[in-house]
Structure formats: C-alpha cells, structure tokens
**Q** 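Just dropping this structure here.
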Amino acid sequence: MNPLRTRCAVALGTLLASMAIGSLAPPSAASQPRELVVPSAAYPTVQSAVDAAHPRDRIALRPGVYREQVVIGKDLTITGAGAGKTTILAPEHLVTGSDGLNSIVSLGNAASVTISRLAVSGPGSGTCDAGALGAGIRSWAERIWS
C-alpha cells in the first residue's frame with residue numbers, strides 16, 4: 001500500500017473518531033447557564049450584568065437598592081435576596097422608550113425573563129397610571145437590538 005495513502009487513511013480515521021467522541025461528550029461548561037452576581041467588581045450594576053449575560057444566564061442581586069433603569073432583550077432569570085431586601089428603584093430621570101412610555105424595567109425582543117424576590121419601585125408615591133411612570137415593568141414586541 002502507498003505510504004501517503006496509509007497516512008491519509010490514519011488521519012481521516014483519527015478525525016472521524018474525534019468527531020464521534022466529541023458528539024458523545026457532555027455539553028461544555030460554556031453552554032451551561034452562568035450566574036452573574038450584582039454588585040461585584042465585574043458587574044457593579046444590574047444593567048452591566050444584563051449586558052454581559054448570555055441567554056439563559058442567571059443574575060443574582062445581593063441585598064441593596066439599585067437606582068437604575070434596566071432594559072432586557074434576552075432570556076434571563078433575575079433573582080433578588082427578597083422583596084424587602086432588594087429593590088430596583090427608578091432613577092431620578094427616566095429615559096422614555098421608543099413608544100413614548102416610561103418604565104423602570106423594560107423587556108423586549110420577545111425575551112422570556114423571570115424576575116423574583118425583588119421589588120421594582122418609583123418614582124414618587126402615586127400609582128403608575130397617575131405618575132410619571134407608564135409601567136414599573138413593561139414588555140413590548142419591538143426589537144431592542146438589530
């Protein structure tokens with residue numbers, strides 16, 4: 001048999017075997033949901049964790065008040081340390097959405113988001129309908145990112 005043909009056959013066999021083994025291997029850690037903790041050196045704000053998160057990641061909020069507006073456009077789970085311990089509070093000035101409404105937490109891109117064990121609050125003491133706030137948490141079908 002031709003030595004070059006033998007080497008090619010061995011190389012092809014090795015490649016096919018590694019592909020077969022790779023397909024049987026368990027999913028890599030990269031494909032598993034991660035947990036991002038706020039606040040931390042890497043994620044000082046809720047929005048910074050949302051921006052860095054991959055779909056299906058979990059964001060854990062430590063006890064505290066997070067004075068910010070949050071925009072979410074991917075499937076995530078956000079969990080606080082308890083409604084009396086973790087609050088996303090409206091910033092002093094809300095940025096109006098493209099639909100003309102204000103909200104503290106906005107969900108878009110048909111994202112599936114689970115939010116639990118935290119409060120979303122502000123601005124003022126009135127109801128959302130009577131105040132400057134269109135909704136505390138709002139979802140819309142428009143794409144956030146293209």
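Being a predicted model, the structure only gives us computed values, none of them experimental.
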**Q** Using side chain to side chain donor-acceptor pair (under 3.5 Å) as the criterion, list what pairs up with Ser40, not counting sequence neighbours.
**A**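 With sequence neighbours excluded, Ser40 shows a side chain to side chain donor-acceptor pair (under 3.5 Å) to no residue whatsoever.
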**Q** Tabulate below the donor-acceptor pairs under 3.5 Å that side-chain atoms of residues 54-64 make, not counting sequence neighbours, or state none.
**A**
from  : atom 1 : to    : atom 2 : distance (Å)
His54 : NE2    : Arg34 : NH2    : 3.3
Asp57 : OD1    : Arg34 : N      : 2.8
Asp57 : OD2    : Arg34 : NE     : 3.0
Asp57 : OD2    : Arg34 : NH2    : 2.9
Asp57 : OD2    : His54 : N      : 2.8
Arg62 : NH1    : Pro39 : O      : 2.9

**Q** The criterion is side chain to side chain contact (heavy atoms under 4.5 Å, CB included); which residues satisfy it with Ala111, sequence neighbours excluded?
**A** Asp75, Val113
**Q** Look at the side chain of Glu68 and the backbone N and O of Gln47, then say whether any donor-acceptor pair between them is shorter than 3.5 Å.
**A** yes
**Q** Running the 4.5 Å side-chain criterion over Ile, Leu, Val, Met, Phe, Trp and Tyr, what cluster does Val37 land in, apart from itself?
**A** none
**Q** Considering non-hydrogen atoms only, spot the tightest contact between Gly73 and Asn109 and give its length.
**A**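 Scanning both residues, the minimum pair turns out to be O-ND2, 3.2 Å.
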**Q** Does the Lys74 side chain pair with the main chain of Val50, one donor and one acceptor, at a distance under 3.5 Å?
**A** yes
**Q** Measure the OG-CG distance between Ser103 and Leu94 for me, rounded to the nearest 0.5 Å.
**A** 7.5 Å
**Q** How many angstroms lie between atom NE2 of His93 and atom CG of Asn102, to the nearest 0.5 angstrom?
**A**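 Nearest 0.5 Å value for the NE2-CG distance: 12.0 Å.
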**Q** Any chance you could pull the hydrophobic cluster mates of Val95, using side-chain heavy atoms under 4.5 angstrom and chaining through other members?
**A** none
**Q** Side-chain donor-acceptor contacts of residues 76-91 below 3.5 Å, not counting sequence neighbours, with atom names and distances?
**A**
from  : atom 1 : to    : atom 2 : distance (Å)
Thr86 : OG1    : Ala81 : N      : 2.8

**Q** Ser48: what forms a side chain to side chain contact (heavy atoms under 4.5 Å, CB included) with it, not counting sequence neighbours?
**A** Tyr43, Pro44, Thr45
